[in-house]
Protein chains: 2
Amino acid sequence: MAIPTPGQPVRGSRSGAPIMALFDLLGRRWGMGVLWRLSEGPCSFRVLQERCETISPTILNRRLKELREAEFIVRCDQGYCLTDLGRELHQMLVPLSCFSRQWAEVLRDETEEPS
Amino acid sequence: MAIPTPGQPVRGSRSGAPIMALFDLLGRRWGMGVLWRLSEGPCSFRVLQERCETISPTILNRRLKELREAEFIVRCDQGYCLTDLGRELHQMLVPLSCFSRQWAEVLRDETEEPS
DNA sequence: GCTTATGCTACGGTATGTGTAGCGCTTTCA
DNA sequence: TGAAAGCGCTACACATACCGTAGCATAAGC
C-alpha cells in the first residue's frame, strides 16, 4: 500500500492536500498509537510491541515503515526513535490527550445519570 | 463494529485509556476527514459526501453513526453539524493542518534536491 | 403522476488487519 | 564452543473493514 504523499491523490483530496495526506497516514490502524507509544522514549521493536499491548508484529512493522518514509521516525542504536518532525507532531497530539479525558467524562455522565 | 469507549478495552489499551479510545475512533478510515469536512459548516449527507470527494456512502454513514454516538456530531435541520465537543475536537486538529504544510515542504525538499 | 432530491442500504469484490509460528542473526554465558 | 535467549522481522491462513455501484424508500415541487 502506497504511503500517502502531499501533492499526490490521497483519500479525501484528489489534489493531495497536505492535511488529507496526513489524515490518511495517521488514520491507518495504529498510526497515531505507534507514534504516541514511541514518544515515551526510544526503544526496540519488541519493546514497542509490548507498549502497544495488542499490536501484531506484521502491522507494527508496516506502520514503522510508513512512518519512517514520512520521516516521523528513524532507526537509532536503541532501535527506533522520533525525528524532530515526529516530536513536533507528537506535540500536536498532546492536547488530544487532555481532550480525551474530558470526552470520557462527558460520555460517562451521559450514561450514568440519564436523569 | 463496536465504537471504542473510554474504560472499555480498545486497540492499544486493555484498560481503555481515553487517548487510545480516541485514537481508535479517529484512526478509522475517514474518521478525521469527515470531522474536518463537516467543520466547514452544517450540511446534508450528500453535500458532505461531495466535500469528502471520494468517500462511499456506506462508510460515510458508518462514520457518521460512530461520531454521533461519540457525541461529536448531531443531526440538525440542515442535515448534520458538529456539537460543542466536536468543535472543540476540531480546534485540536487545526494545528495539524499547519504542521502538514510544513511536513509537505520537508518531503518536497528531500526529494527535489538530494544534493 | 412525474421529476428531482434526500438519506441510506445491499451486495460482491478487494484491501487491510489479526494471530500464531518461526526464521536467520547476534549476544550472552556456562 | 555450543546451548540459550533475545532481536528484527516475515509467512501464511483467516477475519474484518472498506470500496464502488446500484438502487430503494420517502418527501417536496411542478
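Chain A is the first sequence line, chain B the second, and so forth, proteins listed ahead of strands; every chain is numbered from 1.
- The distance between atom CD1 of B:Ile59 and atom C1' of C:dA15, rounded to the nearest whole Å, is 12 Å.
- Residue-level contact check: A:Thr58 touches the bases, meaning some heavy atom is under 4.0 Å from a base atom.
- Residue B:Arg28 has no polar side-chain atom (N or O) positioned under 4.0 Å from OP1 or OP2 of D:dC18.
- An OP1 or OP2 oxygen of D:dT10 is reached within less than 4.0 angstrom by a side-chain nitrogen or oxygen of A:Asn61.
- Contact between the side-chain N/O atoms of A:Lys65 and the OP1/OP2 oxygens of D:dG8 is not found at any separation under 4.0 Å.
- In this structure, CD of A:Gln49 is placed 14 Å from P of C:dA21, rounded to the nearest angstrom.
- Below the 3.5 angstrom threshold, one finds no donor paired with an acceptor across the side chain of B:Ser44 and the base of C:dA5.
- Using a 4.0 Å cut-off between charged side-chain N and carboxylate O, A:Glu53 and A:Arg37 make a salt bridge.
- Atom CZ of B:Phe45 and atom C1' of C:dA5 are 14 Å apart (whole Å).
- Taking atom CZ of B:Arg63 as the reference point, atom P of C:dC8 lies 15 Å away to the nearest angstrom.
- Between A:Tyr80 and A:Arg11, it is A:Tyr80 whose nearest contact on DNA chain D lies nearer the 5' terminus.
- In this structure, CD of A:Glu66 is placed 13 Å from C1' of C:dA15, rounded to the nearest angstrom.
- OP1 or OP2 of D:dC9 lies within a sub-4.0 Å distance of a side-chain N or O belonging to A:Arg75.
- The base of D:dG6 does not come close enough to the side chain of A:Arg46 for any donor and acceptor atom to sit less than 3.5 Å apart.
- Between the CZ atom of B:Arg29 and the C1' atom of D:dG20 there is a distance of 15 Å, rounded to whole Å.
- For the pair A:Asp24 CG and D:dA17 C1', the computed distance is 15 Å after rounding to whole Å.
- Under the 30°/60° scheme for interplanar angles, the aromatic rings of A:Phe23 and B:Trp36 are found to stand perpendicular.
- Looking at B:Trp30, its side chain never comes within 3.5 Å of a backbone N or O of A:Gly27 through a donor-acceptor pair.
- Note on ring orientation: taking the six-membered ring where Trp is involved, the planes of A:Phe99 and B:Phe72 are tilted (angle from 30° to 60°).
- Proximity of B:Trp30 to the phosphate of D:dC19: a side-chain N or O atom is located under 4.0 Å from OP1 or OP2.
- The CG-C1' distance, from A:Leu60 to C:dT18, rounds to 13 Å in whole Å.
- Contact annotation: B:Arg62 side-chain N/O to C:dG7 OP1/OP2 distance is not under 4.0 Å.
- The backbone N or O of A:Val47 lies less than 3.5 Å from a partner atom in the side chain of A:Ser44, making a donor-acceptor pair.
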